[in-house]
Amino acid sequence: MQREITRELVRRLLPERMAESNKGSYGSVLAAAGSMAYRGAAALCTEGALRGGAGLVYLASVEPVIQLVLSRTPECCACGCRTAANGGIHPQDADALRRWFADRHAVLLAGPGLGGERRRCL
């Protein structure tokens, strides 16, 4: 059965946000995304996480990607990484991110725009 997605339907399905809350009350997403060749992928996935209701969205990527994303969604938190030879996140930075987020409660969104070689680093 097909249903039309209306504003009223979405409001009924999504939980109400409490007045005495902040971004940290609604979960965190770490998006390891984008590269010199695929900058838009990082922008799309961070915007999707924010629009989907995530409280804190962190983007781990190379500096040109972060600049693009922050110009579109300044509420995104940046985790700048060095650029590897293939234009993606440097492997040592991927290890540092893994350690830093290991004890945090965050969803990992890994892969959009990283390219074939980067998928193994996170």
Side-chain angles (χ1 to χ4, degrees):
M1 175 179 154
Q2 290 183 329
R3 288 173 46 180
E4 182 180 349
I5 299 174
T6 63
R7 182 175 293 217
E8 292 76 27
L9 174 65
V10 171
R11 284 187 177 156
R12 275 198 321 254
L13 295 174
L14 291 177
E16 191 173 325
R17 294 220 171 196
M18 301 172 295
E20 298 294 321
S21 64
N22 60 48
K23 291 193 296 186
S25 304
Y26 297 99
S28 298
V29 173
L30 167 61
S35 63
M36 297 299 283
Y38 303 108
R39 299 174 193 198
L44 292 172
C45 75
T46 54
E47 283 181 36
L50 288 163
R51 289 181 184 183
L56 292 166
V57 177
Y58 298 89
L59 172 62
S61 195
V62 297
E63 195 59 38
V65 173
I66 288 176
Q67 290 175 8
L68 168 74
V69 170
L70 291 180
S71 70
R72 294 170 57 117
T73 52
E75 65 273 34
C76 186
C77 303
C79 299
C81 298
R82 291 171 287 173
T83 306
N86 69 352
I89 297 172
H90 194 280
Q92 289 176 340
D93 289 347
D95 291 338
L97 284 166
R98 189 174 28 247
R99 286 190 305 274
W100 194 69
F101 278 92
D103 62 343
R104 301 180 196 296
H105 297 288
V107 171
L108 174 62
L109 190 159
L114 291 176
E117 294 177 45
R118 299 282 21 117
R119 290 187 194 129
R120 290 175 284 162
C121 289
L122 295 170

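By the 6.0 Å contact criterion, CZ on Arg104 is enclosed, its count of non-hydrogen atoms from other residues, nucleotides or ligands being greater than 12. Phe101 CZ: more than 12 foreign heavy atoms inside a 6.0 Å radius. Counted within 6.0 Å of CZ on Arg17, heavy atoms from surrounding residues, nucleotides or ligands total more than 12; the atom is thus considered enclosed.
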- When you look at Ser35 and Asn86, which way does the side-chain contact (heavy atoms from CB on, under 4.5 Å) test go after all the steps? CA-CA 8 Å; Ser35 63; Asn86 69 352; over 6 Å; no
- Residues Val69, Ser61; criterion side-chain contact (heavy atoms from CB on, under 4.5 Å); working and verdict: CA-CA 10 Å; Val69 170; Ser61 195; over 6 Å; no
- Message: Is there a side-chain contact (heavy atoms from CB on, under 4.5 Å) between Val29 and Leu56? Walk through the geometry before answering.
- Response: CA-CA 6 Å; Val29 173; Leu56 292 166; over 6 Å; no
- Item | Tyr58 and Ser28: CA distance, side-chain angles, deciding distance, side chain to side chain donor-acceptor pair (under 3.5 Å) verdict | CA-CA 8 Å; Tyr58 298 89; Ser28 298; 5.0 Å; no
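Atom-to-atom distance recorded for Arg72:CZ and Gln67:CD is 15.0 Å, nearest 0.5 angstrom. We find the OG-CD distance between Ser21 and Glu16 to be 10.0 Å, quoted to the nearest 0.5 Å. Between atom CG of residue Leu97 and atom NE2 of residue His90 there is a gap of 13.0 Å, rounded to the nearest 0.5 Å. For the atom pair OG1 of Thr73 and CZ of Arg51, the computed distance is 9.5 Å after rounding to the nearest 0.5 Å. Atoms CD1 and SG, on Ile66 and Cys76 in that order, are 8.0 Å from each other to the nearest 0.5 Å.
Among the candidates Leu59, Leu108, Leu109, the single residue satisfying the side-chain contact (heavy atoms from CB on, under 4.5 Å) test with Leu30 is Leu108.
Smallest separation of non-hydrogen atoms from Leu70 and Ala78: CD1-CB, 4.0 Å. The two residues Ile89 and Ala60 come nearest to each other via the heavy atoms CD1-O, 3.4 Å. Counting all heavy atoms, side chain and backbone alike, Ala49 lies closest to Val57 at CB-CG2, 3.9 Å.
Relative to the six-membered ring of Trp100, Arg98 misses at least one condition, a distance below 6.0 Å or an angle of at most 45° to the axis.
In this structure a side-chain-to-backbone donor-acceptor pair under 3.5 Å is present from Thr6 to Leu9. The backbone N or O of Leu68 sits less than 3.5 Å from a side-chain atom of Ser71, completing a donor-acceptor pair.
The pair Glu8-Arg12 fails the salt-bridge criterion, with no side-chain N (NZ, NE, NH1 or NH2) lying under 4.0 Å from an Asp/Glu carboxylate O.
Residues Val62 and Arg82 have side chains not in contact (no heavy-atom distance under 4.5 Å, counting atoms from C-beta outward). Between Pro64 and Met36, the closest side-chain pair of non-hydrogen atoms falls below 4.5 Å. Looking only at side-chain heavy atoms (C-beta outward), Glu63 and Thr83 stay at 4.5 Å or farther from each other. No side-chain heavy atom of Val10 sits less than 4.5 Å from a side-chain heavy atom of Leu13.
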